[in-house]
J.: 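Quick one: the structure is below, and I'll ask about it shortly.
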Amino acid sequence: MTQASTTSRAFVSLIGAGPGDPGLLTLRGQHALQHADVVLFDYLANPELLRWCPDARTVYVGKKGFSEYITQEQINALIVQTAQENGGQRVARLKGGDVFVFGRGGEEAEACAEAGIPFEIVPGVTSAIAAPAYAGIPVTHRSVARSFAVLTGNTREGGAQYERLSGVDTLLLLMGVRNLDSIAAELIAAGRDPQTPAATVQWGTTHQQRVATGTLETIAQAVREAGLEAPAVTVVGEVVKLRDTLRWFDNMPGFGGPLSGKTVAVTRTRDGASALSDVLRARGADVLEVPLIRFEAASDGGEAALGALRDGAGWLLLTSNQAVTALFALLDTAGLDARALAHLNIAAVGPSTARSLAERGVRADFVPSTPGARHLAAELPLQPGEAALHLTSQLAEDELQKGLEARGIVYTRAELYRTEAAAPDLNKLERLKNAAVITLASGSAARHLAALADADFNPLNMPVAAMGPQTADAARDAGFTRVTVAETASLDALADAAERAVVDAAG
Ligand code: SAH
């Protein structure tokens, strides 16, 4: 018997998630997430980053808020074990800030090395520098500070350590906000001027960022009065004064608005939610994208659609982006390409449908003036007796058929793909429960979301913001009780409605 050589997929990416702002993940980190089978993420890693790995299994291994306390040794073992499972998997280990600045990333890498698992380190933006930066405090500055040190306020090494650091201009203290009193006292005892400016930045780079300032002598008191707690970075040094002129992030118009720091769930029933997510993020929201449907192959594997294509009706009607994607997937599986459509005219509904065709080198022959079945039925340039083939899902509504038949056009329909309900995974569901508001862009989003209601989760009493009066009616019909309606059909108006919903919920 010959021994088959197997190459295991086992691989671990230790990724620095950055300090909180999801825009501060590196491109390499994003790439590693996109290729992960399993993601093990931390308390300090912003869960919004999980949007880069929608298909991966995600496991929360933060030491904070973990139902049972999990030790570092257990986390190390879990990383190794997960990488070895199922014949080898790609594991993304997402850690707050930088991998090797505290947070024990070095030990996790050692565990991989010992187990013989290949790994990579993807450095991240550390909170030690980024939290001060978002507070308008540079850690070095010409003629003010030429050196900085990052230290932990947790290990009580105290005096001796601080004396060694006496020549360092800027001190950055991570962890141990609770020990600020004694740390400050020891720094003063070690020779630092009690009047040295100091600032503490909590949840830096996020829309929950809060800053307290004072001097080495007063900072502990200022932090107590402001009620700041972990996670926080304390900066000690003359550079703190620069905040007076360089303050930017917590001065921006969107900062501190009603959505600032709130979780807004964006339900998606099709592609295209990300534009709304961007608008909401710009207002400081933590966006949770919740896909409520998924697309599957037609029940006959597309045979009916292919047959109908070959029979060659004069016009092909594509009424969604997904129809285009599914059509080309089907052609590909059948060993065909765009030339199989050469004998047909094509009508596309909606700009993104036409765009998706164009991306595949096919120009739509007709796009109705306004998206919607009604407009296509009225405007399609066909004479009575001519034929149109609608490639769609099992959910196609009759409006298009009725409209075309009323004009004497021969309408046929073939099932190209299926639309099935999708339930969010447990992590997402947990975050969804805590969302401040849920946006609904269509009636079907409202119905799909209502269908998720069970003993553990009741979305019907949560505040929702609806895209327009029709969606709002559909939401009320589906049982939602707290519906705020956007005043116009735009993403900004929907974001405004989400803000009003949050304000009303608080008031
Ligand atoms: N590897 C991380 C540090 C982990 S130790 C990094 O490079 O940032 C955890 C400490 O990091 C916290 O106690 C706090 O001091 C700091 N920290 C992490 N994220 C922070 C944030 N967004 N704002 C302020 N401090 C933060």
Side-chain angles (χ1 to χ4, degrees), residues 13-26 28-29 40-49 61-66 70-72 75-76 79 92-110 121-139 148-156 170-180 183-184 198-213 219-220 222-223 226-236 240 243 247-250 255 260-261 284 286:
S13 298
L14 293 170
I15 307 167
D21 178 343
L24 293 178
L25 178 73
T26 64
R28 198 177 171 107
L40 307 176
F41 68 104
D42 238 41
Y43 166 64
L44 285 172
N46 189 336
E48 250 205 63
L49 297 176
V61 289
K63 286 189 236 170
K64 183 149 183 165
F66 204 71
I70 179 163
T71 63
Q72 186 61 47
I75 293 176
N76 299 350
I79 293 171
R93 168 70 172 124
L94 198 55
K95 299 179 67 68
D98 177 70
V99 178
F100 285 164
V101 177
F102 302 121
R104 309 185 69 171
E107 291 162 60
E108 297 177 7
E110 280 175 336
I121 309 297
V122 183
V125 174
T126 179
S127 66
I129 294 172
Y134 272 52
I137 303 171
V139 296
F148 63 86
V150 180
L151 42 156
T152 159
N154 253 356
T155 47
R156 310 298 305 123
T170 305
L171 299 183
L172 304 164
L173 288 158
L174 269 61
M175 301 179 274
V177 229
R178 297 230 171 105
N179 304 332
L180 263 188
I183 295 171
T200 298
V201 187
Q202 179 186 22
W203 283 120
T205 80
T206 77
H207 278 259
Q208 284 113 296
Q209 174 173 304
R210 294 180 63 205
V211 182
T213 52
I219 189 68
V223 163
L228 302 195
E229 288 175 11
V233 172
T234 297
V235 193
V236 179
V240 168
R243 174 167 163 84
R247 181 172 175 175
W248 64 280
F249 178 64
D250 46 6
F255 191 89
S260 196
D286 281 330

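Being a predicted model, the structure only gives us computed values, none of them experimental. Each ligand, and each atom within it, is numbered from 1 in the order the structure gives.
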J.: Within the 4.0 Å heavy-atom shell around V233, which atoms of ligand 1 are there?
T.: 24 (C), 25 (N)

J.: Based purely on interatomic distance, does T126 place a nitrogen or oxygen under 3.5 Å from a nitrogen or oxygen of ligand 1?
T.: yes

J.: What protein heavy atom is closest to atom 23 (N) of ligand 1, reported as residue, atom name and distance in Å?
T.: G204 N, 2.8 Å

J.: Looking only at the side chains, is there a donor atom on one of Y134 and D250 sitting less than 3.5 Å from an acceptor on the other?
T.: no

J.: Identify the heavy atoms of I137 and A199 that sit nearest to each other, and give their distance.
T.: CD1-CB, 3.8 Å

J.: How close does the nearest protein non-hydrogen atom get to atom 10 (C) of ligand 1, and which residue and atom is it?
T.: M175 CG, 3.7 Å

J.: What protein heavy atom sits nearest atom 2 (C) of ligand 1, and how far away is it?
T.: G96 O, 3.2 Å

J.: So is Q202 polar-close to ligand 1, meaning N/O to N/O under 3.5 Å?
T.: no

J.: Can you tell me which residue and heavy atom of the protein come closest to atom 22 (N) of ligand 1, and the distance to 0.1 Å?
T.: P19 O, 2.8 Å

J.: CE of M175 to CG of L151: how many Å apart, nearest 0.5 Å?
T.: 9.5 Å

J.: My understanding is that we take every heavy atom of each candidate and find the minimum distance to atom 12 (C) of ligand 1. Doing that for P231, G124, P132, which one comes out nearest?
T.: P231

J.: Write out the residue and atom name of the closest protein heavy atom to atom 19 (N) of ligand 1, then the distance separating them to 0.1 Å.
T.: S127 CB, 3.6 Å

J.: Taking D42 for the side chain and A45 for the main chain, is one N or O donor matched with an acceptor at less than 3.5 Å?
T.: no

J.: To the nearest 0.5 Å, tell me how far L44 CG sits from S127 OG.
T.: 7.5 Å

J.: Quick one: which ligand 1 atoms are inside 4.0 Å of a heavy atom on V201?
T.: 24 (C)

J.: Which one holds for A232 and ligand 1: side chain close, backbone close, both close, or neither close, with close meaning a heavy atom under 4.0 Å?
T.: backbone

J.: Could you state the interatomic distance from CG (D21) to NE2 (H207), rounded to the nearest 0.5 Å?
T.: 7.5 Å

J.: Considering only protein heavy atoms, which is closest to atom 3 (C) of ligand 1, and at what distance to one decimal place?
T.: V101 O, 3.4 Å

J.: Of L171, V139, L172, T200, which meets side chain to side chain contact (heavy atoms under 4.5 Å, CB included) against V235?
T.: L172

J.: List ligand 1 atoms under 4.0 Å from L44, heavy atoms only on the residue side.
T.: 9 (C), 18 (C)

J.: How many angstroms lie between atom OG1 of T234 and atom CG of L228, to the nearest 0.5 angstrom?
T.: 8.5 Å

J.: Write down the atom of P231, the atom of Y43, and the distance for their closest heavy-atom approach.
T.: CD-OH, 4.5 Å

